[in-house]
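Data first, discussion second: the structure below is written as structure tokens.
Throughout, numbering of the chain's residues begins at 1 and tracks the sequence.
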Amino acid sequence: DGSPIVVSEYIYDNLNASGVYDGVTATKTIMLAVNTAAFVIGDRRLVTVKTDENIETDQQLLVCTQRKDFKSFFDTDSETVVGMGYNLTA
């Protein structure tokens, strides 16, 4: 339906039917469905550029910094933005 599928090394394929690693059953995996529109990246501080001159080497030093923040756009207490399917055969 037009949703991208991302294979991740962080999703284990040795889980039990509840989606939990128990050290005994290792035949199941999980899948995550994420509403990517529910998350935003915001600016905490815009780009700052600072320069300095090194007279010994005749060079200009340039440093750029920026502060970002990653937040949920919706209230996650009342809105579901991530779903998990479990008990999938690995």
Side-chain angles (χ1 to χ4, degrees):
D1 290 336
S3 297
I5 296 175
V6 178
V7 179
S8 172
E9 63 189 63
Y10 299 105
I11 300 293
Y12 297 116
D13 60 356
N14 58 351
L15 306 175
N16 63 18
S18 299
V20 177
Y21 176 77
D22 62 6
V24 179
T25 308
T27 59
K28 302 295 181 179
T29 188
I30 63 169
M31 81 170 180
L32 297 174
V34 180
N35 179 3
T36 57
F39 297 95
V40 293
I41 297 176
D43 287 322
R44 293 184 58 90
R45 185 181 70 220
L46 297 176
V47 177
T48 302
V49 179
K50 295 181 180 179
T51 60
D52 192 20
E53 182 180 4
N54 187 336
I55 61 172
E56 293 179 5
T57 59
D58 194 26
Q59 291 180 335
Q60 288 286 95
L61 302 173
L62 179 70
V63 177
C64 299
T65 59
Q66 184 178 24
R67 293 193 61 182
K68 296 274 196 179
D69 196 10
F70 182 75
K71 293 279 187 181
S72 176
F73 188 71
F74 301 107
D75 179 16
T76 55
D77 292 334
S78 60
E79 298 286 333
T80 302
V81 295
V82 178
M84 183 178 89
Y86 57 93
N87 198 17
L88 305 171
T89 303

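Heavy atoms only, all atoms of each residue included: Ala38 and Val81 are closest at CB-CG1, 3.4 Å. Annotation for Val49 and Cys64: closest pair CG2-SG, 3.8 Å, computed over non-hydrogen atoms.
At a threshold of 4.5 Å between side-chain heavy atoms, the hydrophobic network of Ile, Leu, Val, Met, Phe, Trp and Tyr places Ile41 and Val47 in two separate groups.
Atom CD in Glu53 sits 9.5 Å away from atom CG in Leu61 (nearest 0.5 Å). In this structure, OG1 on Thr29 lies 6.5 Å from CD1 on Ile11, to the nearest 0.5 angstrom. In this structure, NZ in Lys50 is found 6.5 Å from OG1 in Thr65, a value given to the nearest 0.5 Å. Here OH of Tyr21 is found 9.5 Å from CG of Leu15. Values are rounded to the nearest 0.5 Å.
Arg44 is linked by a salt bridge (charged side-chain N to carboxylate O under 4.0 Å, His left out) to Asp69, counting only residues two or more places apart in sequence or in another chain. Qualifying side-chain hydrogen bond (donor to acceptor under 3.5 Å, both in side chains) partners for Lys68, counting only residues two or more places apart in sequence or in other chains: Asp43.
Counting only heavy atoms from C-beta outward, the side chains of Gln60 and Asp52 never approach each other to under 4.5 Å. In this structure the side chain of Val82 reaches within 4.5 angstrom of the side chain of Phe39, judged on heavy atoms.
Residues in residues 3-18 take part in these side-chain hydrogen bond (donor to acceptor under 3.5 Å, both in side chains) pairs, two or more places apart or across chains: Asn16-Asp22.
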